[in-house]
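Report on the structure given below.
One-based numbering, in listed order, for ligands and for the atoms of each.
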Amino acid sequence: MRVAVISAEAVPYSKTGGLGDVAGALPKALKAVGVDSVLITPCYWQTKGEYLWDTAVEDLNVDWRGGIYPAKAFYSEANGSPTFLIDAPSLFHRDSIYGYNEDHERFAFFNHAALVLLKRIGAAPDIVHLNDWHCGFAAVEIAELRRWDDYSRNTRTVFSIHNMAYQGGFSASELWKLGFGSEFARNAFSFNGYASAMKAGLEASDVLSTVSRRYGYEIQTPEFGHGLDWLTRMRADRLVGITNGVDYEVWNPATDPELPANFSIDDLSGKRECKRAMLERFMLPQDLERPVIANITRLTGQKGIDLMMQVAGEVLAAGAFIVSLGSGEKRYEDFWQRLHDLAPNQVGVYRGYSEPLAHLIEAGADMFMMPSKFEPCGLNQMYSLRYGTVPIVRATGGLDDTVQNWDAATGTGNGFKFGQYRADRFLEKIYEALFAYADKETWLKIQRNGMAVDNSWENAARKYVELYEWTRS
Ligand code: ADP
Ligand code: GLC
């Protein structure tokens, strides 16, 4: 089976969040279970030159808006599987990956160029696996092409929803110039008087998936559907949830090169050294007995920063350290800065993005808080489990599916989980975690329960293969 995975970001070429992790790792995992897969992603200004191994196509020459747009494609296997990177500098060599008024044009072009490239490089894929709104354009294009283009006739599409909150909206009057003037295309994009690339993907793809089982149900409700729940309900018989995997080649405390000391489920002693290094890195006192509660995230409303703001005072009063790595909305960046200024000996803050620091924090912290309002899957709670850092999460989406609440009576569970999106519920769980931390044996048990969990990509890749087979049948 030939599969082409198309994504706006993919590790190690580019990343702003979990989509990058997933799109980078899935093709490699597919290859490992015997699928012939290629990844297609843009070449950004942020993509390191060392990853551009070769020029695969010098003259991609994409027919675009009535002319020919010169583009190139690089080849790489830096993510462990064959990858083509579409290079169109005026669209992708910019200060940031997203956030421009013409993002819909940039990704419409990327989608079209990806399909032009596929034709150039060989036989048609059986499955084109599309990810999030950035790839809604290709879903429509393939559905249309299939009617008359022999090359595309047998290609089927799988569209993965990583986050319903981002829908790629733009003015419907732009559809014509992007090549989506047909009635079919206009209907697919049309949403509340404008055009939505997410809606187009949901409507025009053969099969839909999302990144956890629970989120698959949640997006069928008004609370989580962001206006599109009617469509996911309508297509519920074509929608499945597959929980993301973890790339244990990148996130493994036993081999992680970013850590001052490695450790594993059998010997956690190196974790103490990581904690020491992390406290030092944040210029916090070397008080190794004091618990550290950490958070690493994009600072947006989704991630429950409002709850963190409400409980921070009490957490500090309880004597814990708090460490935050993140960037995003100014009000949240300001909050962390103010908290740090208020208690510089208890709060460590790094505003920005840092992969090495993310590894050090996962290893050095005792607890990881993730009280998200909604969370399609979430990766950091799974990284935390493997690093013996106990997650404190809200029971939503993938957080609910991947974290089991600790039960002292039975000795089962690997984290702390609360239901309602309320600060008092969150704080209760933090107190419970701090109480458990005070008893070394209990804590070690919770850590080990988490470290033993297998969230490897192999399981997820097999589920995707089943899904692809079902899509083709
Ligand atoms: P989302 O995709 O919604 O941001 P996920 O939990 O799926 O959430 O994935 C987030 C990914 O981005 C993780 O790999 C996390 O470590 C990483 N990340 C987020 N913010 C930062 C940051 N400031 N520095 C380093 N890594 C970050
Ligand atoms: C999204 C979601 C996150 C998920 C990631 C990868 O960005 O917010 O929960 O883990 O995609 O699927």
Pick from R448, Q404, Q447: which one makes a side chain to side chain donor-acceptor pair (under 3.5 Å) with N414?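 With N414 as partner, R448, Q404, Q447 yield a single side chain to side chain donor-acceptor pair (under 3.5 Å), made by Q404.
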So, do H162 and S160 sit near enough that their side-chain heavy atoms are less than 4.5 Å apart?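 Yes, their side chains come closer than 4.5 Å.
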Less than 6.0 angstrom separating the ring centers of [X] and [Y], yes or no?
{"X": "H104", "Y": "F137", "value": "no"}
{"X": "H129", "Y": "Y468", "value": "yes"}
{"X": "Y166", "Y": "W133", "value": "no"}
{"X": "W457", "Y": "Y248", "value": "no"}

What is the ring orientation for Y215 with F374, classed by angle as parallel under 30°, tilted 30 to 60°, or perpendicular over 60°?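 Parallel, since the angle between the ring planes stays under 30°.
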Give one line per pair: atom of ligand 2, protein atom, distance. Only N/O to N/O under 3.5 Å.
| from | atom 1 | to | atom 2 | distance (Å) |
| --- | --- | --- | --- | --- |
| ligand 2 | 8 (O) | N163 | ND2 | 3.3 |
| ligand 2 | 8 (O) | Q302 | NE2 | 3.1 |
| ligand 2 | 9 (O) | E375 | OE2 | 2.5 |
| ligand 2 | 9 (O) | P376 | N | 3.4 |
| ligand 2 | 9 (O) | C377 | N | 3.0 |
| ligand 2 | 9 (O) | G378 | N | 3.0 |
| ligand 2 | 10 (O) | G378 | N | 2.8 |
| ligand 2 | 11 (O) | H162 | O | 3.4 |
| ligand 2 | 12 (O) | H162 | ND1 | 2.7 |
| ligand 2 | 12 (O) | N244 | ND2 | 2.9 |

Write none if no such pair exists; otherwise list each N/O atom of ligand 1 with its protein N/O partner under 3.5 Å and the distance.
| from | atom 1 | to | atom 2 | distance (Å) |
| --- | --- | --- | --- | --- |
| ligand 1 | 2 (O) | G18 | N | 2.6 |
| ligand 1 | 3 (O) | R298 | NH2 | 2.8 |
| ligand 1 | 3 (O) | K303 | NZ | 2.7 |
| ligand 1 | 4 (O) | R298 | NE | 2.7 |
| ligand 1 | 6 (O) | L379 | N | 2.9 |
| ligand 1 | 8 (O) | K303 | NZ | 3.1 |
| ligand 1 | 9 (O) | G18 | N | 3.2 |
| ligand 1 | 14 (O) | K15 | NZ | 2.8 |
| ligand 1 | 14 (O) | D21 | OD2 | 2.7 |
| ligand 1 | 16 (O) | N380 | OD1 | 3.4 |
| ligand 1 | 16 (O) | N380 | ND2 | 3.3 |
| ligand 1 | 23 (N) | G352 | O | 2.8 |
| ligand 1 | 24 (N) | S354 | N | 3.1 |

Could you tell me whether the side chain of D132 and the main chain of N163 form a donor-acceptor pair under 3.5 Å?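 The answer is yes, because a donor-acceptor pair under 3.5 Å joins these two groups.
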Atom CZ of R213 with >12 non-hydrogen neighbours under 6.0 angstrom: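 Incorrect, the count does not exceed 12.
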